Protein chains: 4
Amino acid sequence: MSISKKHWKIRLHEIIYEADTPAGKLFDVVLLIIILASIILVMLESVNSIDAKYHSILNISEWIITIMFSLEYIARIITVKKPFKYIFSFYGIIDFLSTIPKYISLIFGGVHALAALRALRLLRVFRILKLARFLGASNNLVNALKASRAKISVFLFAVIIVAVILGTIMYMVEGEENGFTNIPKSVYWCIVTLTTVGFGDIAPQTPLGQFIASLIMILGYGIIAVPTGIVSAEYTNQTKPKKDEELHLNSQSCVNCLEDKHQDNATFCHKCGHPLH
Amino acid sequence: MSISKKHWKIRLHEIIYEADTPAGKLFDVVLLIIILASIILVMLESVNSIDAKYHSILNISEWIITIMFSLEYIARIITVKKPFKYIFSFYGIIDFLSTIPKYISLIFGGVHALAALRALRLLRVFRILKLARFLGASNNLVNALKASRAKISVFLFAVIIVAVILGTIMYMVEGEENGFTNIPKSVYWCIVTLTTVGFGDIAPQTPLGQFIASLIMILGYGIIAVPTGIVSAEYTNQTKPKKDEELHLNSQSCVNCLEDKHQDNATFCHKCGHPLH
Amino acid sequence: MSISKKHWKIRLHEIIYEADTPAGKLFDVVLLIIILASIILVMLESVNSIDAKYHSILNISEWIITIMFSLEYIARIITVKKPFKYIFSFYGIIDFLSTIPKYISLIFGGVHALAALRALRLLRVFRILKLARFLGASNNLVNALKASRAKISVFLFAVIIVAVILGTIMYMVEGEENGFTNIPKSVYWCIVTLTTVGFGDIAPQTPLGQFIASLIMILGYGIIAVPTGIVSAEYTNQTKPKKDEELHLNSQSCVNCLEDKHQDNATFCHKCGHPLH
Amino acid sequence: MSISKKHWKIRLHEIIYEADTPAGKLFDVVLLIIILASIILVMLESVNSIDAKYHSILNISEWIITIMFSLEYIARIITVKKPFKYIFSFYGIIDFLSTIPKYISLIFGGVHALAALRALRLLRVFRILKLARFLGASNNLVNALKASRAKISVFLFAVIIVAVILGTIMYMVEGEENGFTNIPKSVYWCIVTLTTVGFGDIAPQTPLGQFIASLIMILGYGIIAVPTGIVSAEYTNQTKPKKDEELHLNSQSCVNCLEDKHQDNATFCHKCGHPLH
């Protein structure tokens, strides 16, 4: 019996955690569809006009999905060797947080703040899509980003400081009557401008303010070059093979003339014709 | 007679499909002008003030162009060897879709939705401008884009997921009273912000919302570096000199073993040791 | 007498066209100041509140500057060898167009459209700043831009076509009630969005419209990478010296061993030790 | 006594200026916290609702921080060898300007313009974070920026001239009734558009204006590629391996003529023909 039990456990483990067996593939596809469906559900629920019409339907299907996820969650815990390792793993926490809200809504009623957590389900897509595979494809990219992380953070830190100082200046120049009601808000405006987003909910009215704003914009326009430059440079280096690899030269040296750079497929020294060992 | 018939068919084929004969050149130029004219016509028609004044003129000229296109379409079918291959080719479908709406408007009256199809005529410009030639010029660019397609799609996918999650958070923070009426709308806002477009039709009002928005903007400002970095890196690689040049390999072949890739400074064949002449 | 005349002509020519003599330097500096002053003048004139107060002052100083420029213009014609070559040169035309409006205003009264021409004076700054020197500094940049011109124009052409087609679709989706009153306007909106400018004077209201808008934005966000990628790649190539130059290798071959790549400063073959002729 | 005095001076100097001793580390951490706290304080003070409630608390804590900074300032002057060198150094001036406002407010009452100076405190963060270390990490970046400074300034100068001319044209086209009330304002709008910020506080209304605006946007969209291209190219060059590696030159020197740069595959000195060992 314990064997048969082990048996179905292993089978289940294969289905849930692997994608090699037909059953495993099917499981992944179904799960993917359910996750996307649940996200669309979360979105539709938030649209009043739709929620008003189809509340009961949305509610029921939400319950169905929640129960499905709960079962999956339990199954994952049962079938995995180290349950706690899974539970406190990144995906374990995601699975929990994206399943629990509906249950809580039973007790406290539909709490919006919690409902938001269900959006985390989206992250689960990555598990199925085997994020690793994707990133593996763009491995150089990841390295490039890692390599430029330090520089970009310095850069962003500088941007924020610039934003705080320029924001304070704009607050002085424009003042409350033009929408720059306080420093945090003008810092916010300054970031909006530096990043070339430019909502326009707040905009400088005084000539001086508009002049400073112009400088800020040109500054922002100029500094956007920096992170881009860093990433593309790093990425170019990442994708550039080492010099010798490129040359397909190995460092075996000829016993006769000591010439030490030969093509990988060389059997004789290209310099003195002596055979290479 | 069949010969003479064949004859004019071939002549017509040359005129329509080739641009080497003077007649063919003329045909292309005329067609190019007509297409651009028809696009301007479609635009003018949509401007009420203009349509009101010159309705009849616009309508007549639209009819003239439609008939011209119809004749061209028929001519293309007659003169081409495999009519169905053309009809279901990319340009064949474009030609059909951009010609038919006016006829349908006869039956159902001017249906706007269909009138839009006429904008597809613009695509026909590419045929005349021999898109291939252009792209040939920027062939490296096409390769670069192909090479970076996979990475950019991962990147865009990540952007969308970030937008959905941050959008949901903003919906929670700002709520309906500040224009974030539902999650799809806040996701839309989030994309507007991440891409640094920033319409400002919706803008965060609460301090917390503005703080999160700032983070989103700086994030968007930072990640714009990624696709740019990818493309420029890939493109740099595309425009790099061919491998062999870099390898300093010449194509002199060994008289003995016919090995045909040797370093420029090779005096003996690195494969069989036979001297190179 | 004719000699003395030639004499002052040459002296004047040196002062106006060259910057080596102290007088020439002084002339350039003074001219630079006058030009910038005249531009500020043009701007201030357009500000009603200022124009109302200081109209006479502005008018007089404008006349002074105009007369100065006229004298300079005449002086340039007199002192140059081939007057007509100058008159119809780029700067010759600029000089004329930026001087004439004030005179015309005498006859027809202050015509705004013409007053605008005075902004062209700004271009004259380049002559003094010896644009060449600047560009010389960034010569690679110019070459890079030339090299990428063809590709970028294809790219921009594609952007415009995309804008026309997507704009037409948005016009169909959103319709007149949401500000997309006609196709040209929605094309305008589409360009505003694709380029991530996003004024927000027009913004999609319908869910479908906002969905399409999101796609347009992400598209625009993605394609901004293309011109950047092109320019930086071309520019990287421009700044990368040719392979052989880098190696400082010339193609003189050794009469003894025919080794054909030697460093520029080589006097003996590095392979067989035979002197190089 | 003078010794003991020297003694505590040196000890204090170590604590304030160095971060090697535990006391020095502690000092830095505490100072960092105080600075950030003071910045938050400056921001909160500017928020009316908060200032109204907690005015006295904010005022007192501001005083505490000001006094702390004053003590630090004095301590720095006492303990440093050349007080005046410090006082007129970059950080010396920052320290003074960011401390003095509160005292002045005693005399003249809270002057906003001066209060702004306190935002300069943010710059002091750099001293603690040992900016050098950061930049050292991204040293290539600094070099890249230095290398591209000249080109970028030309570029920005060109952008401004384009903005002035296009701004003037837009002022002519749109006129005052559409918000382009004067040339400086339309130049401001033009910069807003060229940099793809696009507030939308001013937007073209006439078809012609919108057409020109579209051109401006596409122009701006195109030229953003230039600074990015420059920086990434320069940066790529910065991160490129040293010249000699690329040259395949080793530093073995000829025993005969002491020429010390030979190709890796050299057997004889290319200068004197003497064999290389």
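These numbers were taken from a predicted model, which means no experiment stands behind them. No hydrogens, no waters, no symmetry mates; every other heavy atom, side chains included, goes into these values.
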Pairs of heavy atoms under 4.5 Å with chain C: top-ranked of Ser214(D), Ala203(D), Gly220(D) | Ser214(D)
Just give me the residue among Val159(C), Asn48(C), Leu194(C) that pairs up with chain D most often, heavy atom to heavy atom, under 4.5 Å.
-> Asn48(C)
Modelled atom types, side-chain donor and acceptor of Asp201(C) and Gln205(D), under 3.5 Å | no
Are any non-hydrogen side-chain atoms of Leu44(C) and Asn182(D) less than 4.5 angstrom apart?
-> no
Option in Gly198(D), Ala213(D), Gly200(D) with maximal non-hydrogen atom pairs under 4.5 Å from chain C | Gly198(D)
Taking the side chain as C-beta and beyond, is there a heavy-atom pair between Tyr188(C) and Pro207(D) under 4.5 Å?
-> no
Does Ser46(C) reach the side chain of Pro184(D), with side-chain heavy atoms less than 4.5 Å apart?
-> yes
Between Val164(D), Val192(D), Ile183(D), which has the largest tally of heavy atom pairs under 4.5 Å with chain C?
-> Ile183(D)
Val173(D) versus chain C, heavy atoms under 4.5 Å apart: side chain, backbone, both or neither?
-> neither
Ranked by heavy-atom pairs below 4.5 Å to chain D, first place among Asp51(C), Ile50(C), Thr196(C), Ile160(C) goes to Thr196(C)
Which portion of Ile202(D) sits near chain C, non-hydrogen atoms under 4.5 angstrom = backbone
Heavy-atom distances under 4.5 Å only: say whether Thr181(D) touches chain C with side chain, backbone, both or neither.
-> backbone
Please lay out, stage by stage, how Ile218(D) and Ile191(C) fare under the test side chain to side chain contact (heavy atoms under 4.5 Å, CB included).
-> CA-CA 8 Å; Ile218(D) 290 173; Ile191(C) 290 170; 4.0 Å; yes
For chain D, find which of Ile40(C), Val47(C), Val187(C), Ile39(C) contributes the most heavy-atom pairs closer than 4.5 angstrom.
-> Val47(C)
So, do Phe199(C) and Met217(D) sit near enough that their side-chain heavy atoms are less than 4.5 Å apart?
-> yes
